[in-house]
Amino acid sequence: QVQLVESGGGLVQSGGSLRLSCAVSTRTFGNYHMGWFRQAPGKEREFVAAISRTGRATYYADSVKGRFTISRDNAKNTVNLEMNSLKPEDTAVYYCATDRSFLSDSVIHTSSYEYEYWGQGTQVTVSS
């Protein structure tokens, strides 16, 4: 069983920055591709960013490309999401998750259905 705990959410002004972290409890963290998703009230969960097991490949939703950066530290079992130039439309609960498949290091999944273990989420609120 894999456990994930997100942290770093909070309230920030438009144009500000936040760094989200996800601590993953497993001895096989390096086997998992990792993703960040978000969900606003009344809306479907949407893909934000993902990173392959070694960090060789990354992929971003168009809405955050150029503003967000995903990274991982396999020695510390952590995945991070650096968020810059935040906008009110970025307001959502942010979740980290492990991909349910063992993928090539060059392949990225963007569907939430392809991810198996999820954290509890952390709230990000961006004021205008």
Can you name the closest pair of heavy atoms from [X] and [Y] and give their distance?
| X | Y | result |
| --- | --- | --- |
| Val48 | Val64 | O-CG2, 3.5 Å |
| Ser21 | Asn80 | OG-ND2, 2.9 Å |
| Thr54 | Asn74 | CA-ND2, 4.3 Å |
| Ser17 | Asn84 | OG-OD1, 2.8 Å |

Partners passing side chain to side chain contact (heavy atoms under 4.5 Å, CB included) against Gln123 (at least two apart in sequence or in another chain):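 In terms of side chain to side chain contact (heavy atoms under 4.5 Å, CB included), with neighbours along the sequence ignored, Gln123 is linked to Thr91, Val93, Thr125.
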
Any residue meeting side chain to side chain contact (heavy atoms under 4.5 Å, CB included) with Ser112, in chain and number order, not counting sequence neighbours: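 Here the qualifying residues are Phe37, Trp118.
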
Just verifying a value: how many Å separate Arg100 CZ and Tyr32 OH, rounded to the nearest 0.5 Å?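 The OH atom of Tyr32 is 11.0 Å from CZ of Arg100, to the nearest 0.5 Å.
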
Which residue pairs pass the disulfide (SG to SG under 2.5 Å) test with at least one member in residues 98-128, sequence neighbours excluded?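 Checked against disulfide (SG to SG under 2.5 Å) - neighbours excluded - no pair reaches residues 98-128.
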
Under 3.5 Å donor-acceptor, Thr78 side chain and Cys22 backbone: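 Side chain of Thr78 to backbone of Cys22: no pair is present.
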
I'd like to know if the side chain of His109 reaches the main chain of Gly35, judged simply by a donor and an acceptor atom lying under 3.5 Å from each other, with no hydrogens or angles considered.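 Answer holds: no.
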
Which pairs with one or both residues in residues 75-98 pass salt bridge (charged side-chain N to carboxylate O under 4.0 Å, His left out), sequence neighbours excluded?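 The answer is Arg19-Glu82, Arg38-Asp90, Arg67-Asp90.
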
Would you indicate whether Gln3, at its atom CD, is surrounded by more than 12 heavy atoms from other residues, nucleotides or ligands within a distance under 6.0 Å?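 Count not over threshold, so no.
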
Is a side-chain donor-acceptor pair under 3.5 Å present for Ser52 with Asp105?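 Distance-only check passes for Asp105 and Ser52.
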
Within residues 68-98 or reaching into it, pairs that qualify as ring pair (Phe, Tyr, Trp, His ring centres under 6.0 Å) - sequence neighbours excluded: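 Every pair satisfying ring pair (Phe, Tyr, Trp, His ring centres under 6.0 Å) with a residue in residues 68-98: there are none.
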
Using distance only, find each side-chain donor-acceptor pair of residues 55-62 under 3.5 Å and give its atom names and separation, not counting sequence neighbours.
residue: Tyr60; atom: OH; partner: Ile70; partner atom: N; Å: 2.9
residue: Asp62; atom: OD1; partner: Lys65; partner atom: NZ; Å: 3.2

One pair to check against side-chain contact (heavy atoms from CB on, under 4.5 Å): Val24 and Tyr117. What are the steps and the verdict? CA-CA 10 Å; Val24 185; Tyr117 297 104; over 6 Å; no

